[in-house]
Amino acid sequence: MKILALETTCDETAAAIVASGDSAGSPVDVLGSVVASQTELHLEFKGVVPEIAARAHVERILPVIHRTVEQAGIGLAELDAVAVANTPGLSGSLMVGLMAAKSLCLALEKPLIAVNHLQAHIYACQLDTSDPIYPSIGMIVSGGHSHLYRFDDAIHAHYLGGTIDDAAGEAFDKVAAMLGLGYPGGPEVSRVAENGDETAWSFPRSFIHEERLDFSFSGLKTAVRYAIAGPGKTSLEGVVLDSRQVADLAASFQAAVVDCLVSKAMQALRQTGLTQLCVGGGVAANRRFRQQLEQACQEAQVRLHIAPLKLCTDNAVMGAIAIERYRAGLFESLDLDIAPGLVRVPR
Ligand code: KG4
Ligand code: ZN
C-alpha cells in the first residue's frame, strides 16, 4: 500500500510517499519525503505570520509534491490514497494542503484520508521501532501545543491535560527573542544554555505539586522578562546582557520548562497506570529534555519512545498514520473541512 501524505498545518510545506513496510525495524517504508521550510520568511517577525505562511504554501505545495513523487520513482496512478493533515493548525495553511489533496483525489480517483497532526506527531515514534508503541501516554510538545493524551491505539486518544496559555515551544521562541537570540528560539536557547548555570535563577514551575495534568508557561516567561529587566524594572529597553548572563538565563529557563514537562508526563503515567511514554513535536528535539526524560523513565521502569530527531519538527512522513486509517477503513468524503483548533478530541 502506497500513500501520498501532505502536511501544511503551520509553516512547513511537506509531502511524503509512505508504504506499509517490508523492511525490518520499521512498519513503514519512506519512498520519498520533502520538507520546504519557511523559516526565512518569518525570521524578521520572530514568529509565524499566518497570512505569509498560507501564501507560501500556495507557491510551494505543487513543487514539493512533484519532487516527492520524483524521489519515490513511482507514478501517481500507483498511489492507493492521498492523506492530508486537516487538524489542528492555522486555517489558511490547512486549507492549502486540504485543497491540494482533494484535487489529487478527484483527478486520480483515489480515496482521501484525514490526518490529525497531533496524532501524527506521536506516530512519529512508531516509525523508529517495530515494537508496538500503544497503549501509551502521548505527549506533544511543539510550537503550538503542549498536550498530554492517553492513546489506546494510533487513532483513539483521550485528552488528559495541556497548556492553559503558551505552548512550550512558543515560550522558547519568546524567551529567545527577549534574550536577543535567533528564530526559531528553541534550538538557540538550547545552544546557549549548554554554557550556562541552570541554578543561577530559580524560575517558577507552575502546577508542579498539583495533580492536574496542565501546563502554564506565561508566568515563567514574565519571570524571565523581569530577570532580564533588573530589579524594580519591567522594560527591556536599553538592557544589555553579556554572554554569561544570557547563558545563565537560558539554562535556568530551559530547566524550568523541562522540569514541568517531565514531571507532568510522569504524573500522567502514574495516574493511568500505563507503562509506555511517547513524545513528539519540535521541543522533543531538546537535548536536556531528552536526557531528563530518559532518566525519569528509567527510574520509573517506563518504556520511553521519543520521535527520531528528524521527525520531531513538522514533516509529512509522520502522516504514515494514514496507513492505520486505511487499514481501519477510515476514508473521508470530498466535502471534508479543516478543524483549526481541535486539540481535545483527536478523531
Ligand atoms: O512541531 P513543530 O515543528 O511545529 C509545530 O507544530 O508547532 O515545533 C516547532 C517548535 C518551535 O517553537 C521551536 O522553537 C521548538 O519547536 N524547538 C525546540 C527545539 N527545536 C525546535 N525547542 C526546544 N529545544 C529544541 N532543540
Ligand atoms: Zn507540529
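Note that these values count all heavy atoms, side chains included, but never hydrogens, waters or copies made by symmetry.
Without hydrogens or angle criteria, Glu59 side chain to Ala56 main chain gives no donor-acceptor distance under 3.5 Å. A donor-acceptor pair is defined here as one N or O able to donate and one able to accept, closer than 3.5 Å; no such pair exists between the side chain of Asp197 and the backbone of Asp248. Using a distance-only test at 3.5 Å, with no hydrogens or angles considered, no donor-acceptor pair links the side chain of Thr9 to the main chain of Gly89. A donor-acceptor contact shorter than 3.5 Å links the side chain of Asn86 to the backbone of Asp337. Between the Gln292 side chain and the Asp259 main chain, no donor and acceptor come within less than 3.5 Å of each other. Formation of a donor-acceptor pair under 3.5 Å by the Asp214 side chain with backbone atoms of Gly162 is found in this model. Using modelled atom types, one side-chain atom of Thr163 and one backbone atom of Asp165 make a donor-acceptor pair closer than 3.5 Å. Looking at Gln119, its side chain does come within 3.5 Å of a backbone N or O of Ile155 through a donor-acceptor pair. Looking at Ser37, its side chain never comes within 3.5 Å of a backbone N or O of Glu12 through a donor-acceptor pair. For the pair Glu78 (side chain) and Gly75 (backbone), a donor-acceptor distance under 3.5 Å is present.
The nearest pair of heavy atoms linking Phe289 to Val283 is CD2-O, 3.6 Å. A pairwise comparison of heavy atoms in Leu6 and Gly97 identifies CD1-O, 3.8 Å as the closest pair. Nearest approach of Val64 to Ala36, heavy atoms of both residues: CG2-CB, 3.8 Å. Shortest non-hydrogen contact noted between Leu90 and Ala53 is CD1-CB, 4.5 Å. Between Ala322 and Ala83, the shortest heavy-atom distance links the atoms CB-CB, 3.5 Å. Pro204 and Ala223 get closest at one heavy-atom pair: CD-CB, 3.7 Å.
How far CG of Leu293 is from CD1 of Ile306: 5.0 Å, rounded to the nearest 0.5 Å. Note that CG of Leu98 is 9.0 Å distant from OG of Ser103, once rounded to the nearest 0.5 Å. Taken to the nearest 0.5 Å, the CG atom of Leu4 stands 11.0 Å off from the CG atom of Leu31. Taken to the nearest 0.5 Å, the CD atom of Gln126 stands 11.0 Å off from the CD1 atom of Ile323. Rounded to the nearest 0.5 angstrom, His66 NE2 and Leu76 CG are separated by 9.5 Å. Remark: Phe217 CZ to Phe253 CZ distance equals 8.0 Å, nearest 0.5 Å.
Glu294 is listed as a side-chain neighbour of Leu304, based on a closest heavy-atom distance under 4.5 Å. Between Arg287 and Gln254 there is no side-chain heavy-atom pair separated by less than 4.5 Å. Under the 4.5 Å side-chain criterion, counting only non-hydrogen atoms from C-beta, Thr68 is not in contact with Ile65. Considering only heavy atoms from C-beta on, Cys297 comes within 4.5 Å of Met266 through its side chain. At least one side-chain heavy atom of Leu160 sits less than 4.5 Å from a side-chain heavy atom of Ile137. Between Thr275 and Gln301 there is no side-chain heavy-atom pair separated by less than 4.5 Å. The side-chain heavy atoms of Leu112 and Phe331, taken from C-beta on, include no pair separated by under 4.5 Å. Looking at His158 and Asp152, their side chains come closer than 4.5 Å, going by heavy atoms from C-beta outward.
The aromatic rings of Phe151 and Tyr134 are tilted relative to each other, their planes meeting at an angle between 30° and 60°. The aromatic rings of His117 and His121 lie perpendicular to each other, with more than 60° between the two planes, well past the 30° mark.
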Pair Phe215-Ile164, side-chain contact (heavy atoms from CB on, under 4.5 Å): steps then yes or no: CA-CA 6 Å; Phe215 306 101; Ile164 60 164; over 6 Å; no
From CA spacing to verdict: side-chain contact (heavy atoms from CB on, under 4.5 Å), Glu7, Asn315: CA-CA 7 Å; Glu7 155 63 45; Asn315 64 87; over 6 Å; no
Working for side-chain contact (heavy atoms from CB on, under 4.5 Å), residues Gln267 and Arg212: CA-CA 9 Å; Gln267 253 174 293; Arg212 62 191 285 192; over 6 Å; no
Leu79/Ile74 under side-chain contact (heavy atoms from CB on, under 4.5 Å): CA gap, chis, key distance, verdict: CA-CA 8 Å; Leu79 293 173; Ile74 64 162; 3.9 Å; yes
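A salt bridge links Glu51 with Arg55; the closest basic N to acidic carboxylate O contact falls under 4.0 Å.
Evaluation of the side chain to side chain donor-acceptor pair (under 3.5 Å) rule for Asp153 yields His156 as partners, not counting sequence neighbours. Taking Arg67 as the reference, nothing meets the salt bridge (Lys or Arg N to Asp or Glu O under 4.0 Å) condition, with sequence neighbours excluded.
The cluster map of Ile, Leu, Val, Met, Phe, Trp and Tyr, joined by side-chain heavy atoms under 4.5 Å apart, puts Leu330 and Met318 in different clusters. Leu261 and Ile122 fall into different hydrophobic clusters, defined by Ile, Leu, Val, Met, Phe, Trp and Tyr side-chain heavy atoms under 4.5 Å apart, directly or through other members. In the hydrophobic cluster analysis, where Ile, Leu, Val, Met, Phe, Trp and Tyr join through side-chain heavy atoms closer than 4.5 angstrom, Val34 is grouped apart from Val96. One hydrophobic cluster, built from ILVMFWY side chains closer than 4.5 Å, cannot hold both Phe203 and Tyr226; they sit in different ones.
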Using a 3.5 Å cut-off and no angle test, enumerate the donor-acceptor pairs between side-chain atoms of residues 166-186 and protein atoms at least two apart in sequence or in another chain.
{"unit_1": "Asp166", "atom_1": "OD2", "unit_2": "Lys221", "atom_2": "NZ", "d": "2.7"}
{"unit_1": "Glu170", "atom_1": "OE1", "unit_2": "Ala167", "atom_2": "N", "d": "2.9"}
{"unit_1": "Glu170", "atom_1": "OE2", "unit_2": "Lys174", "atom_2": "NZ", "d": "3.2"}
{"unit_1": "Asp173", "atom_1": "OD1", "unit_2": "Gly185", "atom_2": "N", "d": "2.7"}

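Using a 3.5 Å distance cut-off with no hydrogens or angles, the side chains of His305 and Asp131 do not pair a donor with an acceptor.
Atom CD of Glu109 has 12 or fewer heavy atoms from other residues, nucleotides or ligands within 6.0 Å.
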